[in-house]
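Everything on this sheet refers to the single structure shown next.
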Amino acid sequence: MAEIYSDLIPRVCVHLSVFFYVSGPESDIGGKRRAPDRTTTTTKIKKKKMSQQTVNGVPSRGKVLTLDNMNPNVKRVEYAVRGPIVQRAVQIEKELKEGVKKPFSEVIKANIGDAHAMGQKPITFLRQVLALCSYPELLEDNKFPEDAKKRAKRILQACGGHSIGAYSASQGIECVRQDVARYIEKRDGGISSNPDNIYLSTGASDAIVTMLKLLVCGEGRDRTGVMISIPQYPLYSAALADLGAVQVSYYLDEDKCWSLDVAELRRSLNAARQHCNPRVLCIINPGNPTGQVQSRQCIEDVIRFAKEEHLFLMADEVYQDNVYAEGCKFHSFKKVLFEMGPEYSSTVEMASFHSTSKCYMGECGFRGGYMEIINMDPEVKAQLTKLVSVRLCPPVPGQALLDLVVNPPQPDEPSYTTFMKERTVVLADLAEKARLTEQIFNKVPGITCNPVQGAMYTFPRITLSQKAIDKAKEEGQVPDMFYCMKLLEEEGICLVPGSGFGQREGTFHFRMTILPPTEKLKVVLHKISEFHLRFTQEFS
Amino acid sequence: MCAGNKLQNFRVKSLVSVMVCSLTSHPLSSSPGRALSSLSATRRGLPKEKMSENGVSSRAKVLTIDTMNPTVKKVEYAVRGPIVQRAVELERELSEGIKKPFAEVIKANIGDAHAMGQQPITFFRQVLALCSYPELLNDSTFPEDAKSRARRILQSCGGNSMGSYSASQGIDSVRQDVARYIERRDGGVPCDPDNIYLTTGASDGIVTMLKLLVCGEGATRTGVMISIPQYPLYSAALAELGAVQINYYLNEEKCWSMDISELQRALDEARRHCNPRALCIINPGNPTGQVQSRQCIEDVIRFAAKERLFLMADEVYQDNVYADGCQFHSFKKVLFEMGPEYSNTVELVSFHSTSKCYMGECGFRGGYMEIINMDNEVKAQLTKLVSVRLCPPVPGQALMDLVVNPPQPGEPSYENFIKERTATLSALAEKAKLTEQVLNTVQGISCNPVQGAMYSFPRITISAKAVKEATDKGQQPDMFYCMKMLEETGICLVPGSGFGQKDGTYHFRMTILPPTDKLKILLNKVKEFHQKFTQQYT
């Protein structure tokens, strides 16, 4: 049936896109306009077909699957965090290994929030329990503390055949979901959480994509629009491209420490309503890549806005333990929502995401995560449950790990002291590194850096001269990519250009993680500072 | 996306009548309906206006069944469908002390070996424990080969920790080991680690590949050929991607074998309304358990070359071959033995997983795919696409490494490993035979030999009376049958309708994984139930 319907779409699209080209005012959606994209693609494919096709519509030569006949949405996907600059970094690493001389002895990958890769040690308790779950014979071993054994036994008992090798329920192991719910209740000062509203996921990314997938529908002007911040974490833009949804950009205010402004939300929404159907508002708090921590007031305003404008809220809260700045505190969207009273708490639809990859754990490789859904329509919830069942279940070791994160050692348990010590050290180090980064960068003429209030990144603004911009253009690169590429080649430091996250036109940034060990971080910061001075001189 | 307007233009007119009638019956869920209404609407914007326009009350949720992604609604996945949900409910009722005609629910709906009591392979779990908690490397109770594997895996992880992200394509050294494994398996046919992509279970790889392949609209929309019966991941993924499912039927009378003339029939018919570009094969078969002959695979490859189809070979049961005279032949090996005319041109992807075979490590979500003859630009797009999800779970990657690089003769764990592996595989072979034998003694059940994989897919005779009662209840007859069996015996099977079957035939899928003694009881219960059911509805 869908195929029959879609026969009409091309014509409708053409009409709409003509309209767009004339009236489309959104410079901020640059390149993400769906309908014009479609028209371009159509023309391209048509041309190709003329030259390549035989009578029955099959090209006579070449591969079955080519760049011209693959999924066009996939082609539009971009993910800068692992983009060309990282590929080049990997190449350089290989070259170094092969003995090629470089002006540096190692590549430092500050492009991604990968704590363990940067030398952060895993939390002992978490890994003990995982070892016990992997090889339950160790339960007989008296080297392991009792609380670790107890946790492992509890997890194993909840697994089919007492093995983490069995599939779990698609929504996640029940007792883990119960623990998650209790954790949320504790975090939110007692606001109740129903384990049935918890869905474990393969990292937060998986859940975010799943939720977006549920939300996308309509065609042309009725196509679902999703509001995301600029700068954003590029998973969002990538997922939206993949799903063929319309990206609706709202800008964070760099001059006010990357804060979110409801007037800007409204501007962006009204502009978007001209050409799509905005239904979702995504927030990342603490911010990635921008590191801001939202005030309680701001969150309230956002919730009010979402209610007023009938938007589904998606709160990406994976950095909820990563708050460093004095006076800043993490407020969960859910808590604020419920404190605003039943008018809001019983109506505003929301999903909140969390993960094992960030905070003090940094266990990215396990791909653990969860989402809590609030006020979701029961029929839609049933569809969600069905949808996740197709992928069978999230990785069980990641589920086990998440269980430990939400249910860590308690004060009366043997592992408590060590656990707290390890946790505190990691978070205190991060706080120090956040400060250090801001301080050092702000001393460099041409670099300005907001305080890293939370999360794991700094996103400083860099001044690039017209000469540098022209040079970049000559090389066919966006200016901050040119800058980062040069930094990589000269210093072996891998950053992500701001253009990969989005930024106001004419401004340039990069994202750098603050994760390297303090001594190494200092070296990195100084190298970047020197590079920036050199770069500025070269292109002045 | 709007490709092929020319081709379709003449079709549009003739389809208008169909559309109008469809629009009438599904006014809310049709996307073109929306597109059309948006053209005439003066102004949208305010949610209230929009809602009344759609006939939804202003109190409605943002996200409702009528305003959600229509392709998601079309997704169905019987293996974890309503019958399994009921089974979970029954389990809860039992644990609450509610009396049932059975003491436990036996979930024979899914190939979940460990849940059925199969023990993990010791060596694998030792290495995983070592990787999880490297302090154990100092523990003398672990064998040296387990330690050396763990060290090698950890050394290729960032910061020597499984907790760091790996490369999106998978850890380098693991992909190298996979490539060597494939070369060994295929008698030396070379394999490039660069063509290996580690995945989150095979499902992830399959969905990713299908996603790459889907394009076009209307009559140029990508069609994908899948067997009927099929593993419902395929139909679910195609529904979600909005691709066209093209059914080709396996021949139940010939032990669920695949027939080229049937492929041709399905393809020719499909060409009238879509653009068939991919052919999916599951070998050994799920749910049907057949193992394809070398000749059959050659024929399929020739067919794919002739008809210009991208081949997707789901080979996750490659170690699960039980029947005498049957042998697993990988599509890749056969392709390369057919000479450069084929091996240089036919585009193929093969999938494997840690979830099946003798390991049965489903929970780790490990897997890989090998791509062959893929266009370089497309490959770059694939690499980019998988990077968005960062990486497959690293413990699953580590496990995959052990599966493709198990203990070797001379290593301390070798003997025990082989013992465990053999015990599992020979028990499965025995259970395959047992299942076929017992089920074939029941009048009204006929069952092909389980040549491989982990399931039996017997045909059941359901009387007209029973079919009528099911229809009255709004259920598929085999769903009605399986639901009744669940309620009366506690056995959870999946109705054949969830996999697809020839019209008028009925089946169920049952895994052969329960321990032999339990399997015997289960088979006898199925037998008794079938007899009772038949009697009740004559």
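For the numbers below, each heavy atom of this structure counts, side chains included, while hydrogens, waters and symmetry mates do not. So you know, we letter chains A, B, ... as the sequences are listed, proteins then strands, and number each from 1.
With a 4.5 Å cut-off on non-hydrogen atoms, B/Cys131 touches chain A through its backbone but not through its side chain. With a 4.5 Å cut-off on non-hydrogen atoms, A/Gln128 touches chain B through its backbone and its side chain both. For chain B, the nearby part of A/Asp141 is the side chain; its heavy atoms alone come within less than 4.5 Å. A/Ile112 touches chain B through its side chain: at least one heavy atom from C-beta onward sits under 4.5 Å away, while N, CA, C and O do not. Using a 4.5 Å cut-off between heavy atoms, B/Ala278 makes no contact with chain A at all. Looking at A/Ala169, only its backbone comes within 4.5 Å of chain B, counting heavy atoms on both sides. Looking at A/Cys159, there are no atoms closer than 4.5 Å to chain B (heavy atoms on both sides), in backbone or side chain. For B/Thr354, no part sits under 4.5 Å from any heavy atom of chain A, backbone or side chain. Residue B/Asp204 touches chain A through both its backbone and its side chain, counting heavy-atom pairs closer than 4.5 Å.
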Show your reasoning for whether side chain to side chain contact (heavy atoms under 4.5 Å, CB included) applies to B/Arg125 and A/Ser163. CA-CA 11 Å; B/Arg125 294 307 196 88; A/Ser163 165; 2.9 Å; yes
Might you work through the side chain to side chain contact (heavy atoms under 4.5 Å, CB included) test for B/Leu136 and A/Leu138, ending with a clear yes or no? CA-CA 10 Å; B/Leu136 292 171; A/Leu138 292 171; 3.7 Å; yes
Would A/Leu65 and B/Asp375 count as a side chain to side chain contact (heavy atoms under 4.5 Å, CB included) if you check the C-alpha gap in whole Å, the side-chain angles of each, and the deciding distance to 0.1 Å? CA-CA 7 Å; A/Leu65 182 59; B/Asp375 180 87; 5.9 Å; no
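Distance check, rounded to the nearest 0.5 Å: CG of A/Leu384 to CG of B/Leu63 gives 9.5 Å. With rounding to the nearest 0.5 angstrom, the CD atom of B/Glu240 is 5.5 Å from the CG atom of A/Leu387. Rounding to the nearest 0.5 Å gives a distance of 5.5 Å between OH of B/Tyr133 and OG1 of A/Thr124. A distance of 9.5 Å separates CG of A/Asp377 from CE of B/Met68, quoted to the nearest 0.5 Å. The CG atom of A/Asp242 lies 3.5 Å from the NZ atom of B/Lys211; values are rounded to the nearest 0.5 Å. Distance check, rounded to the nearest 0.5 Å: CG of B/Asn160 to NZ of A/Lys121 gives 7.5 Å.
Top candidate by heavy-atom pairs under 4.5 Å with chain B, chosen from A/Glu349, A/Glu379, A/Glu363, A/Met70, is A/Glu349. Ranked by non-hydrogen atom pairs under 4.5 Å with chain A, the options B/Pro392, B/Ser387, B/Gly363 are led by B/Gly363. In terms of non-hydrogen atom pairs under 4.5 Å with chain B, the most contact-rich of A/Ser205, A/Cys393, A/Ala239 is A/Cys393. Among the candidates A/Gly119, A/Gly398, A/Ala115, A/Ser168, the residue making the largest number of heavy-atom pairs closer than 4.5 Å to chain B is A/Ser168. No other option in A/Cys364, A/Pro397, A/Ala117, A/Ala131 has as many heavy-atom pairs under 4.5 Å with chain B as A/Cys364. When each of A/Gly161, A/Gly160, A/Ser134 is checked for heavy-atom pairs under 4.5 Å with chain B, A/Ser134 comes out on top. Comparing B/Ser168, B/Ala236, B/Ser203, B/Ala237 by heavy-atom pairs within less than 4.5 Å of chain A, the highest count is held by B/Ser168. When B/Leu233, B/Thr200, B/Val346, B/Val207 are compared by the number of non-hydrogen pairs under 4.5 Å with chain A, B/Val207 comes out ahead. The greatest number of non-hydrogen atom pairs below 4.5 Å with chain B, out of A/Asp206, A/Leu130, A/Ile164, is found for A/Ile164.
Annotation for B/Gly163 and A/Asp114: closest pair O-OD1, 4.4 Å, computed over non-hydrogen atoms. Of all heavy-atom pairs spanning A/Val390 and B/Tyr77, the tightest one is CG2-CB, 3.7 Å. Nearest heavy-atom pair across B/Ser161 and A/Arg127 is OG-NH2, 2.9 Å. Here the closest non-hydrogen pair linking A/Leu392 and B/Arg365 is CD1-NH2, 3.7 Å. Heavy atoms only, all atoms of each residue included: A/Tyr167 and B/Gly111 are closest at CE1-O, 3.8 Å. Closest of all the heavy-atom pairs between A/Lys386 and B/Lys73 is NZ-O, 3.0 Å.
In summary, the side chains of A/Arg279 and B/Thr67 do present a donor paired with an acceptor at a separation below 3.5 Å, with no hydrogens or angles considered.
At distances below 3.5 Å, not a single donor-acceptor pair connects side-chain atoms of B/Glu377 with backbone N or O atoms of A/Leu67. Here the side chain of B/Arg277 pairs a donor or acceptor atom with the backbone of A/Val64 at under 3.5 angstrom.
Remark: B/Glu135 does not engage A/Lys143 in a salt bridge, criterion side-chain N to carboxylate O under 4.0 Å.
Scored by the ring-ring contact (aromatic ring centres under 6.0 Å, His included) test, A/Phe366 finds no partners at all (sequence neighbours excluded).
Side-chain atoms of A/Val209 and B/Arg389, non-hydrogen and from C-beta on, do get closer than 4.5 Å to each other.
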